[in-house]
Amino acid sequence: MTRFLATRVAQSVIVLALMSFAIYALIGLMPGDPIDLMISADPKMTPEDAARLRALYGVDKPVVERYANWLMAALGGDLGYSRLYAAPVLDVLLPALGNTLILLGLTLVLSLAIGLPAGVVAALRPYSRTDYAINLFAFAGISVPAFWLGLLLIIVFAVILGVLPAGGTETVGGAGFWDQAKYLVLPVVNLTLASVGGHTRYMRAAMMETLRQDYIRTARAKGAGRARVVLGHALRNAMIPVVTIIALQFGYLFSGALITETIFAYPGMGKLIFDSIMGNDFNLALVALLFATLVTLVGNLLADVAYAWLDPRIAYR
Amino acid sequence: MSTATDSRGMFGLALRRFRRHRLALGSAAALVVLAVLAVAAPLVEAALGVDSGVVDLFNRFAPATAAHPLGTDELGRDVLVRLLYGGRVSLLVGLVTALAAAVIGTIVGLIAGFYGGRVDGLLMRFTDGVIALPLLPLLIVLAALDLEKVGLPAAFVQSENVSLYRIIAIVALVGWTTVARLVRGAALTLREADFVLAAHAQGAGALRIMAVHILPNLISPIIVATTLSVGSVILLESVLSFLGLGIQPPIPSWGNLLTNAQELIWTAPALAFYPGILIFVTVIAFNFLGDGLQDALDPKAMEGR
Amino acid sequence: MTAGPSPETPLLEVQGLVKHFPAGGGGLFAADTGTVRAVDGVSFRLGRGETLALVGESGCGKTTLARTVALLYAPTAGSVRFQGRELTGLGRRDLKPARRRIQMIFQDPYSSLNPRLPVGAIIAEPLVIHGLGGRAEQRDRVAMLARQVGLGAADMDRYPHQFSGGQRQRIAIARALAVEPSLVIADEPVSALDVSIQSQVLNLMRDLQAAHGLTYLFISHDLAVVRHFADRVAVMYLGRIVEEAPADALFADPRHPYTRALIAAQPVVGRGKRRPGDVLPGDIPSPLRPPPGCAFHPRCPLAADICRQSAPALEAAGGEAGHRAACHFKDEAGP
């Protein structure tokens, strides 16, 4: 198990390193550079000044060299300064990361709590009316544009009914747990509706596949009760592929978070990434993207461990 | 081979087929109607006697009338005609992107499945890696790149259609994974087929075996996966366009028709409704169609087992 | 009949051929690594115009042997000499001339023909691969081959699924003959067919052998078929040849207890569905862990201590020339 973990961690570190370079290089290809921004902020600057500044900041060096410098500084704990928020990148990032993890965590719990039972119920009576209805609902969830769903939720609950806030995290002045919870409702509902369909479909497919297996038939033939067969034998085995797929969906969920956070003005990582890219805040965009990648990789890693734990046949090699 | 099938099983199978087919057929019909309307947008425009390009600030947010069946938008343009023109772009971009993604995915999946072993392991790790990445944030970076810095000629970068080409390229770059996985799975089975062994025994080269013996037998999974990915591709295009990073006005798309919708939800919520429902219907129709095709083309289903 | 170079140079000579597969590698047996000894030291010679049958229960390694001889699998060890030329270790390009002369017919005519190609293209495929003739010549040759195997010209535009099993096997035979091979390796070519069709296909194969001077390596589990079709028979058990003899000698005087069991297991009259091996106690052991000594000893009625300790060599047995058996008691009278 230790060796298995060590290999997977090493792989994740390699992926992260590759991604950090790729993202660094891509950000260098975005319009403008820090010096252009200084020029636009100070019209008196001459082209000579600009050239000198470029040399000073190393902007004219090849990308590999600049990346190496950035990496050394980053590993030393200096992740740079956010232009947009006028604060060290880490100070901006950590609260946003916390907000996103709350959003993603609640969504994951809720969509699994709905999607997995729905998938099992559908698989137990395939092609029945219930299955049909669940499938329709799942397809709708997969096919709905999340940002549009968000707009609809705002229109219904904030504009027409006026019972929930349209965006933000808390009422100005007003504080407290319940106040903040109210602001979380629509984002969590939005993201859950967008991801529950996938979970339902995967659970249904895995469960149907498992129920088709010989050992399940044997268990039934031996007279084990239906509930016992489903819960005792099939569910555990059906969960294995579902767990992997949920792991692979972690990145997808993060993409969903970006949409939801932007729509509901929820100050999480997704909105931060979007705002920093749109606002030419290169330091922040770079580190935020890397953090998003890191969170995704950690999610995948956890799911791999869960997979190994669920499947006794797996060899830790 | 006659396997004893009880009547309930037979009935269930028939019912299932019927339902599946009904949904898939309905979806296909809906898509055809949408496509025809989108192609006929100029005709609709002429029939209504409106010009969707003309801004009429005295006639903003007009309610539905005979001349404007869905009213007008914040600049007084006809909503219906704008939706149809947007549909042209969104459908075309969706199809072209899905085809481009299918080409990439077919090549990756074919090579992985044909060679198996290490090549397969490497390519599938890579595919899993792409799937696991936070794609939307990365797409936003790709969509925001300065194309002149990438080395494309300035004349091209400044042309009006560049946002179309860009969105097709970057979405295809991340949208090929579904096709790759399905093609790879089918190719892994096919490479063990006797007729492929027979070709090996004849001394046929890898390219010939892939092109003549494996690829033609992969048509079904490719069609299914491509159909299924049209939906996800349209979703990605619409969200990027909504965020202002995809297709750029004045070219209309269902995504960028919603860009201003958020500011308008208090004044004209209906404007936020129409483009979204069209995206939704299109995507769900492609998904039903793909699901139906999968059932219909699945050889196991055809054997009736 | 083509005149061979000399009786000493056989068309095909296989020496100490070994093919091992790594076991597991994921799935259920991921932890259970080992080696499947599918073919474990097989030697035989095949003269021009001869038919050698390889028989044995399913799982004895005969299909692997056929595919290794056809160089579809790279052998783990040993040599395959064809027309005096060593084939193992050759690259794809160097192998190509030999591939033209060695053709295969597969067991399942439903999976050995590409379902997306019309029959004409399937038969022409070897000609295209080996770059033989122009389009018109290829078409003429395909038409001629079709006639030889009893198919019509109109059949060439149809697809495999429109044919019956026997017709499909005729298509496969035509494909094999397209490039004028010397050796045809037929892996259970009739066992997937109805009994009534079997003899038609076998007769066709025999006629074509006479017409084209073909040499057959014929894989089968059906002794009844082998008895009438083969000149010589080699019996395989767990990856090795345990007895080899001219067909008549083998059936008249089997020296290995396994051969005797196979012969005894044959259905006596007509269409009994018993598969060979039914009368043998126990199952064929796992090729992952073959038993020590003589691999057959756990199922052998004659097994003694020596059988558990040392593996017998394949040595001359019985009276006839070319009769060999690998049994410690091969010279004792059969039960």
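Letters A, B, ... are given to chains in the order of the sequence lines, protein chains preceding strands, and every chain is numbered from 1. Reckoned from all heavy atoms, side chains included, excluding hydrogens, waters and symmetry mates.
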Looking at B:D194 and C:R168, does any basic side-chain N land under 4.0 Å from a carboxylate oxygen?
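A salt bridge is absent here (no side-chain N lies under 4.0 Å from a carboxylate O).
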
Structural part of [X] lying under 4.5 Å from a heavy atom of chain B:
X	answer
C:R67	side chain
C:I122	neither
C:L72	side chain

How would you list all residue pairs meeting side chain to side chain donor-acceptor pair (under 3.5 Å) that involve residues 27-38 of chain B, not counting sequence neighbours?
none

Would you please go through residues 207-224 of chain B and name the residues with a non-hydrogen atom below 4.5 Å from one of chain C, in numerical order?
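If one takes a 4.5 Å heavy-atom cut-off, the residues of residues 207-224 of chain B near chain C are B:R208, B:V212, B:H213, B:P216, B:N217, B:S220.
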
Atom CZ in C:R116, atom CZ in B:F195: separation rounded to 0.5 Å?
9.5 Å

Report, one line per pair, each donor and acceptor closer than 3.5 Å where one atom sits in a side chain of residues 100-108 of chain C; sequence neighbours left out.
{"unit_1": "C:R100", "atom_1": "NE", "unit_2": "C:V179", "atom_2": "O", "d": "3.1"}
{"unit_1": "C:R100", "atom_1": "NH2", "unit_2": "C:E180", "atom_2": "OE1", "d": "3.3"}
{"unit_1": "C:R101", "atom_1": "NH1", "unit_2": "C:E180", "atom_2": "O", "d": "2.7"}
{"unit_1": "C:Q103", "atom_1": "OE1", "unit_2": "B:Q202", "atom_2": "NE2", "d": "2.7"}
{"unit_1": "C:Q103", "atom_1": "NE2", "unit_2": "B:Q202", "atom_2": "OE1", "d": "3.1"}
{"unit_1": "C:Q103", "atom_1": "NE2", "unit_2": "C:R99", "atom_2": "O", "d": "3.2"}
{"unit_1": "C:Q103", "atom_1": "NE2", "unit_2": "C:R100", "atom_2": "O", "d": "3.4"}
{"unit_1": "C:Q107", "atom_1": "NE2", "unit_2": "C:S191", "atom_2": "OG", "d": "3.1"}
{"unit_1": "C:D108", "atom_1": "OD1", "unit_2": "C:Y110", "atom_2": "N", "d": "2.8"}

Between C:P115, C:A98, C:A70, who has the most heavy-atom pairs with chain B when the cutoff is under 4.5 Å?
C:P115

Enumerate by number any residue of residues 126-135 of chain C whose heavy atoms lie under 4.5 Å from heavy atoms of chain B; in the absence of such residues, state 'none'.
C:P126, C:V128, C:I129, C:H130

